[in-house]
Amino acid sequence: MISELNIQDFYKIWHITDQCRNVEVRAIINGNNPGRVYVDDSTEPTAALIWIQGQKGFQIVGNVQSQSFLADLEGYMRQHIEPKLKKLNIHSVEIGAEMNIGVEAIPRIFQSHSISSDHQHVFRLTGSSKPIVAVDHGITVRRIDRDLWGSRRLTNHSFLEKKILHFWDSMDSFLHHGFGYLAEYNNTMVSICFSGFVADQTHAIDIETLEGHRRRNYGAAVAGAFVWECMQNGVHPYWDCSPENTGSIQLAKSIGMSPYFDYQIFWYNLS
């Protein structure tokens with residue numbers, strides 16, 4: 001019988017998620033980033049559906065052939081989960097799975113829906129980071145720290161706040177577990193790269209350059225600074241992007257990241 005675990009019981013699926021390569025999953029289970037967990041058995045779970053709040057999507061792990069999942073997951077989602085998504089103004093369900101577990105089972109579970117699928121690329125640093133790319137005069141790359149946050153001096157501080165709190169429960173939580181860099185021009189943040197998810201020594205990167213400031217190597221500057229700090233502190237940067245996002249792939253490679261693994265994503269629209 002499918003049920004939701006309380007956060008204090010997330011440890012019950014450590015045996016499932018410890019070997020999971022998707023850092024977002026382990027970040028939720030370790031209690032670093034916000035999310036929810038639904039399992040096939042609350043006492044001895046063998047499979048779990050994990051809501052990753054920062055991605056507005058799910059990841060499925062464990063024994064996807066679990067009879068409880070096969071028989072009950074679609075109905076459980078329709079009754080308990082999809083209404084919550086609609087209240088959040090989310091109009092589609094996205095579920096990720098490592099390539100070897102979900103390819104056949106997920107379409108079977110959600111057979112009453114029109115399921116689409118694709119895959120995602122994950123990159124990691126396997127050697128030395130390449131030098132930080134020089135940027136235009138007047139741009140300063142700064143580390144995101146408590147003083148910068150508290151000063152609220154950036155003209156678009158609210159955007160910085162929205163970016164961080166999309167992934168983290170609080171700024172304190174972010175500063176305790178993660179770190180990041182931004183490119184500043186004329187007291188305005190024009191690009192940002194930071195830890196979106198953290199599990200042990202692996203940090204999943206979130207990066208964005210604002211409209212009107214792209215194609216100027218600002219993203220390479222903040223990403224280079226981020227990866228350089230990772231190297232100095234034994235942190236493993238993790239870069240996740242879609243195959244069609246060629247700009248993101250090129251940027252990852254430009255700072256020394258290499259392909260690590262692919263995983264499958266499935267989605268369907270809510271009626």
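Heavy-atom basis, side chains included; hydrogens, waters and symmetry copies ignored.
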Task: For Lys86 against Ser271, the heavy-atom pair lying closest together - done: NZ-O, 2.9 Å
- [ ] State, with a plain yes or no, whether a side-chain heavy atom of Val93 is found less than 4.5 Å away from one of Ile81.
- [x] no
TODO: Taking the side chain as every heavy atom from C-beta outward, state whether Glu98 and Cys20 have any pair of such atoms under 4.5 Å apart.
DONE: yes
TODO: Side-chain contact test, heavy atoms from C-beta onward, threshold under 4.5 Å: evaluate it for Arg143 versus Glu229 and give yes or no.
DONE: yes
Open item on the list: Within the structure provided, determine whether Val39 and Lys12 are in side-chain contact (heavy-atom separation under 4.5 Å).
Closed with: no
- [ ] First locate atom NE2 of His213, then atom OG of Ser191, and finally report the distance between them rounded to the nearest 0.5 Å.
- [x] 10.0 Å
- [ ] State, to 0.1 Å, how close Tyr181 and Ala225 come at their nearest heavy-atom pair, and which atoms those are.
- [x] CE1-O, 3.6 Å
Open item on the list: Distance check, rounded to the nearest 0.5 Å: Ile106 atom CD1 versus His113 atom NE2?
Closed with: 13.0 Å
Open item on the list: Are Pro237 and Phe123 packed together at the side-chain level, in the sense that at least one heavy-atom pair is separated by less than 4.5 angstrom?
Closed with: no
Task: Student check: side-chain heavy atoms of Leu49 and Met77 closer than 4.5 Å - done: yes
TODO: Enter the distance from Ser117:OG to Tyr268:OH here, rounded to the nearest 0.5 Å.
DONE: 15.0 Å
Task: Nearest non-hydrogen partners of Arg26 and Asp18, listed with the distance - done: CD-O, 4.0 Å
Task: Close side-chain approach of Asp172 and His176, heavy atoms under 4.5 Å - done: no
TODO: State the CG-CZ distance between Asn6 and Arg36, to the nearest 0.5 angstrom.
DONE: 10.0 Å
Open item on the list: Just checking Glu44: does its CD atom have more than 12 heavy atoms from other residues, nucleotides or ligands closer to it than 6.0 angstrom?
Closed with: no
Open item on the list: Can you confirm if the aromatic rings of Tyr185 and Tyr218 lie within a centre distance of less than 6.0 Å?
Closed with: no
Task: Leu251 and Ile207, any side-chain heavy atoms less than 4.5 Å apart - done: yes
Open item on the list: I need the minimum non-hydrogen distance between Ala105 and Val64, along with the two atoms involved.
Closed with: CB-CG1, 3.1 Å
- [ ] Determine, step by step, whether Phe110 and Phe266 satisfy the ring pair (Phe, Tyr, Trp, His ring centres under 6.0 Å) criterion, reporting the C-alpha distance in whole Å, the side-chain angles of both residues, the deciding distance to 0.1 Å, and the verdict.
- [x] CA-CA 10 Å; Phe110 299 99; Phe266 301 84; 9.0 Å; no
Task: Closest contact, heavy atoms only, Ile16 versus Pro45 - done: CD1-O, 3.7 Å
Open item on the list: Assess, by modelled atom type and distance only, whether the side chains of Gln59 and Glu24 contain a donor and an acceptor separated by less than 3.5 Å.
Closed with: no
Task: Spacing of Met189 atom CE and Leu210 atom CG [to the nearest 0.5 Å] - done: 5.5 Å
Open item on the list: For the CD atom of Gln55 and the CZ atom of Phe197, what is their distance to the nearest 0.5 Å?
Closed with: 4.5 Å
Task: Residue Gln8 excluded, over 12 heavy atoms near CD under 6.0 Å - done: yes
- [ ] Begin with the C-alpha distance, continue with both residues' side-chain angles, and end with the deciding distance and a verdict on ring pair (Phe, Tyr, Trp, His ring centres under 6.0 Å) for Trp239 and His121.
- [x] CA-CA 8 Å; Trp239 189 294; His121 296 320; over 10 Å; no
